[in-house]
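Numbering of ligands and ligand atoms starts at 1, following listing order.
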Amino acid sequence: MPAEKNHDNSCGELFILSAPSATGKSTLIQRLMTQYSEVSSRLAFSVSHTTRPPRVGEIDGEHYYFVTQQTFDDMIAADAFVEWAVVHGLHYGTSKAEIERLQAVGNDVILDIDVQGAEQVLRQQPGVPSIFILPPSYQEMERRLRSRALDDSEQIERRLINARREMLCYGSYQYVILNDELDRACEALAAIFLARRFQRDRMQTQIERVLSGFEKPSLSFHAGSTPTSGGSSSAEPNDETNS
Ligand code: ADP
Ligand code: 5GP
């Protein structure tokens, strides 16, 4: 997807999203992108590299960059990854080029990465907002994994075993969302992205634009005009900075 320039010059933030397999990360991201235009207009999904073969319906360059083990190893050697990990026996990584491409236009960027990748990113950039998605229960997660029917039985068993270890990592994350009811979970996710945009340091461009209008007061006070308060005859009412 081509990256479009956002409305102001603020630099987009990275966001980490992790969860055990089949908890609903992809479903939530997809929903956020299609149903929350205020969030999605400035949000981009970081496409990872993986040695996993594509599933039915997955598109190279959209869901993942599907690469050979040799290509992945060459990228590790070239220090091309922000983070990478072996997940469920396969290689996955976030390339520096992908992040740079998306952040260059000021978009927020979602990293859908596992707990090992999250740990690496947080070690490099401790301030990155991190969100852990909880399944409603082990049984429901297993049901989602099996009924999704996109992985072979060996992968399913491996993912179920790994899920227990992944769940124990929730404590490293700043936010936790329970994905029981999809609409409610997606709303919670959207709220996090929106709230982060109103942090003071991300509002700096807009603050400065408004402030610049305060440097030369546009209000003129004509002789004979009535001061609004305090009975002062000064042309600059309530000018506490000069007192
Ligand atoms: P992940 O990306 O975390 O591996 P998916 O998004 O592929 O998980 O979701 C796994 C399965 O669970 C999919 O079939 C999806 O439709 C289903 N699913 C996701 N969220 C919910 C939910 N809140 N309630 C019921 N089913 C869900
Ligand atoms: P799946 O094969 O189901 O698409 O993904 C399996 C796991 O790999 C998920 O936990 C997903 O978050 C993780 N993953 C996807 N891309 C990356 C990545 O670039 N880096 C890391 N560390 N994990 C990733």
Could you establish whether D180 and ligand 1 come within less than 4.0 Å of each other, counting only heavy atoms on the residue side?
yes
If you define the side chain from C-beta out and look only at heavy atoms, does anything of L168 sit under 4.5 Å from R165?
no
Closest to atom 19 (O) of ligand 2 (heavy atoms only, candidates S48, S46, P53, S95) is S48
Check this for me, if you would: do R144 and E140 make a salt bridge, where the nitrogen-to-carboxylate-oxygen distance has to be below 4.0 angstrom?
yes
Identify, by atom number and element, the atoms of ligand 1 in contact range of L182, meaning under 4.0 Å from any of its heavy atoms.
20 (N), 23 (N)
In this structure, are over 12 heavy atoms from other groups packed under 6.0 Å from E154 atom CD?
no
Heavy-atom count around E157 CD within 6.0 Å, excluding the residue itself: above 12?
yes
Closer than 4.0 angstrom: is that true for some heavy atom of R159 and an atom of ligand 2?
yes
Let me see the working for D183 and R31 under salt bridge (Lys or Arg N to Asp or Glu O under 4.0 Å), right down to the final yes or no.
CA-CA 9 Å; D183 281 339; R31 207 174 178 86; 2.4 Å; yes
Hey, does A22 sit under 4.0 Å from ligand 1 if you only count heavy atoms?
yes
Is it the case that over 12 heavy atoms from other parts of the model lie below 6.0 angstrom from the OH atom of Y138?
yes
Using a 4.0 Å heavy-atom cut-off, which part of R55 comes near ligand 2: side chain, backbone, both, or neither?
side chain
For atom 2 (O) of ligand 1, closest protein heavy-atom neighbour:
S26 OG, 2.7 Å
At less than 4.0 angstrom from any non-hydrogen atom of G117, what atoms of ligand 2 do you find?
22 (N)
Have a look at ligand 2 and work out which part of K25, if any, has a heavy atom under 4.0 Å from it: side chain, backbone, both or neither.
side chain
Between R202 and E13, does any side-chain N to carboxylate O distance fall below 4.0 Å?
yes
Is G93 near ligand 2, meaning one of its heavy atoms is under 4.0 Å from it?
yes
Considering only heavy atoms of A85, which atoms of ligand 2 have at least one such atom less than 4.0 Å away?
22 (N)
Are K96 and D79 ion-paired here, with the side-chain N under 4.0 Å from a carboxylate O?
yes
What protein heavy atom lies closest to atom 4 (O) of ligand 2? Include the residue and the distance to one decimal.
Y64 OH, 2.5 Å
Nearest neighbour in protein (non-hydrogen) for atom 7 (O) of ligand 1:
R148 NH1, 2.9 Å
What residue and heavy atom of the protein are closest to atom 8 (O) of ligand 1, and at what distance?
G24 N, 3.2 Å
Give a yes/no verdict on whether any heavy atom in F81 is under 4.0 Å from an atom of ligand 2.
no
What residue and atom, counting heavy atoms only, is the protein's closest point to atom 6 (C) of ligand 2, and at what distance?
Y92 OH, 3.6 Å
Between R52 and ligand 2, is there a nitrogen or oxygen pair with a distance under 3.5 Å?
yes
So, is S21 polar-close to ligand 1, with some N/O to N/O distance under 3.5 Å?
no
So CG of N179 and CG of L134: to nearest 0.5 Å the spacing works out to 9.5 Å
May I ask you to decide whether R159 forms a salt bridge with E166, counting only side-chain N to carboxylate O separations under 4.0 Å?
no
What is the nearest protein non-hydrogen atom to atom 11 (C) of ligand 2, stated with its residue, atom name and distance?
D112 OD1, 3.5 Å
Check: R144 N/O within less than 3.5 Å of ligand 1 N/O
yes
Could you pull out every donor-acceptor pair under 3.5 Å between side chains of residues 117-124 and any protein atom, sequence neighbours left out?
unit_1, atom_1, unit_2, atom_2, d
Q120, OE1, W84, N, 3.2
Q120, NE2, W84, O, 2.8
Q124, NE2, V82, O, 2.9
Q124, NE2, Q120, O, 3.4

Quick one: do Q174 and S130 satisfy side chain to side chain donor-acceptor pair (under 3.5 Å)? Show the steps, please.
CA-CA 5 Å; Q174 197 178 2; S130 53; 4.8 Å; no
Do any nitrogen or oxygen atoms of T94 lie less than 3.5 angstrom from nitrogen or oxygen atoms of ligand 2?
yes
Check this for me - ligand 1, T27, N or O atoms closer than 3.5 angstrom, yes or no?
yes
Check: E83 N/O within less than 3.5 Å of ligand 2 N/O:
yes
Kindly state whether the ring of F15 and the ring of F193 have centres lying under 6.0 angstrom apart.
yes
Short N or O distance, D114 and ligand 2, threshold 3.5 Å exclusive:
yes
Taking the six-membered ring for Trp and the single ring otherwise, decide whether the centroids of Y64 and Y92 are under 6.0 Å apart.
yes
Let's go through R196 and D108 carefully: what are the C-alpha distance in whole Å and the side-chain angles of both, what is the deciding distance for salt bridge (Lys or Arg N to Asp or Glu O under 4.0 Å) to 0.1 Å, and is it a yes or a no?
CA-CA 10 Å; R196 297 291 302 196; D108 286 334; over 6 Å; no
Record the part of Q116 in heavy-atom contact with ligand 2 below 4.0 Å; permitted values are side chain, backbone, both and neither.
neither
Number the atoms of ligand 1 from 1 as they appear, then name those within less than 4.0 Å of a heavy atom of K25, with their elements.
1 (P), 2 (O), 3 (O), 4 (O), 6 (O), 8 (O)
Measure V87 to ligand 2 on non-hydrogen atoms and call it side chain, backbone, both or neither using the 4.0 Å cut-off.
side chain
Does an N or O from N179, backbone or side chain, lie closer than 3.5 Å to an N or O of ligand 1?
yes
N/O separation below 3.5 Å, R148 to ligand 2
no
Mind checking the CG-CZ spacing from L102 to F45? Nearest 0.5 Å is all I need.
10.5 Å
By the rule that ILVMFWY residues connect when side-chain heavy atoms come within less than 4.5 angstrom, directly or transitively, which residues belong alongside L150?
none
Which bit of H63 gets closer than 4.0 Å to ligand 2, counting heavy atoms only: side chain, backbone, both or neither?
neither
